[in-house]
Amino acid sequence: MPCEMQTEAVETPILQMWKSLVAAIAFLAVGGSAFGASATNKDAETRTLVVTEGGGKTELALAAGETAEFCPTGCFVTMPNGDLEALTGSETIEISGGVARIK
C-alpha cells in the first residue's frame with residue numbers, strides 16, 4: 001500500500017503577528033468611526049442643538065440630564081443661544097443655564 005503524506009499549513013509566528021496587527025487596525029478604523037462629539041444637558045428642561053452635517057440640518061433635543069453622541073466626522077452646531085460652532089467630532093458640549101460650552 002502506498003503511504004500518503006498529509007501536509008498541514010502551519011502559521012509562523014510572524015504571520016500570526018501580521019494577522020493580529022491587521023485585525024487591530026481594522027477594529028480601530030471601524031470602532032473609531034462610532035465616536036463623535038457629545039453633548040450633555042445639565043439643565044432641568046429640554047435643550048435643542050441644531051446640527052448641520054453633510055448639507056442637512058437635524059434638531060437634537062436633549063432632555064434634562066441626557067447625553068448624546070453625534071457628529072462623528074465634523075459638523076456645524078447651532079447652540080441654544082444661537083451661537084454657531086464648527087466641530088471636528090471630538091468635542092464635548094455641556095449645556096448649563098441655557099448656555100452651551102465646548103470642553
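Keep in mind that what you see is a predicted model, and the values were worked out from it rather than measured.
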[X] side, atom [atom1]; [Y] side, atom [atom2] - distance, nearest 0.5 Å:
X     : Y      : atom1 : atom2 : answer
Thr40 : Glu94  : OG1   : CD    : 7.0 Å
Thr92 : Ile102 : OG1   : CD1   : 10.0 Å
Asn41 : Glu66  : CG    : CD    : 8.0 Å

Closest approach of [X] and [Y], non-hydrogen atoms and distance?
X     : Y     : answer
Ser96 : Lys42 : CB-CB, 4.4 Å
Glu53 : Pro72 : OE2-CD, 3.6 Å
Cys75 : Val77 : SG-CG2, 3.9 Å
Val50 : Glu59 : CG2-CG, 4.3 Å
Gly97 : Asp43 : N-OD1, 2.5 Å
Glu69 : Ser38 : CG-CB, 4.1 Å

**Study point:** Pairwise side-chain contact, Leu49 with Pro80, heavy-atom cut-off 4.5 Å (strictly under)
**Key:**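 Result yes, sub-4.5 Å side-chain heavy-atom pair found.
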Review point. Taking C-beta and beyond as the side chain, do Thr58 and Phe70 meet within less than 4.5 Å on heavy atoms?
Key: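 Of all side-chain heavy-atom pairs linking Phe70 with Thr58, none is under 4.5 Å.
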Practice item. Show your reasoning for whether side-chain contact (heavy atoms from CB on, under 4.5 Å) applies to Ile93 and Arg101. Key: CA-CA 6 Å; Ile93 298 172; Arg101 292 175 185 83; over 6 Å; no
Practice item. Hey, could you give me each pair passing side-chain hydrogen bond (donor to acceptor under 3.5 Å, both in side chains) that has a residue in residues 77-87? Not counting sequence neighbours. Key: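 As it turns out, the side-chain hydrogen bond (donor to acceptor under 3.5 Å, both in side chains) pairs with a partner in residues 77-87, which skip direct neighbours, are Asn81-Asp83.
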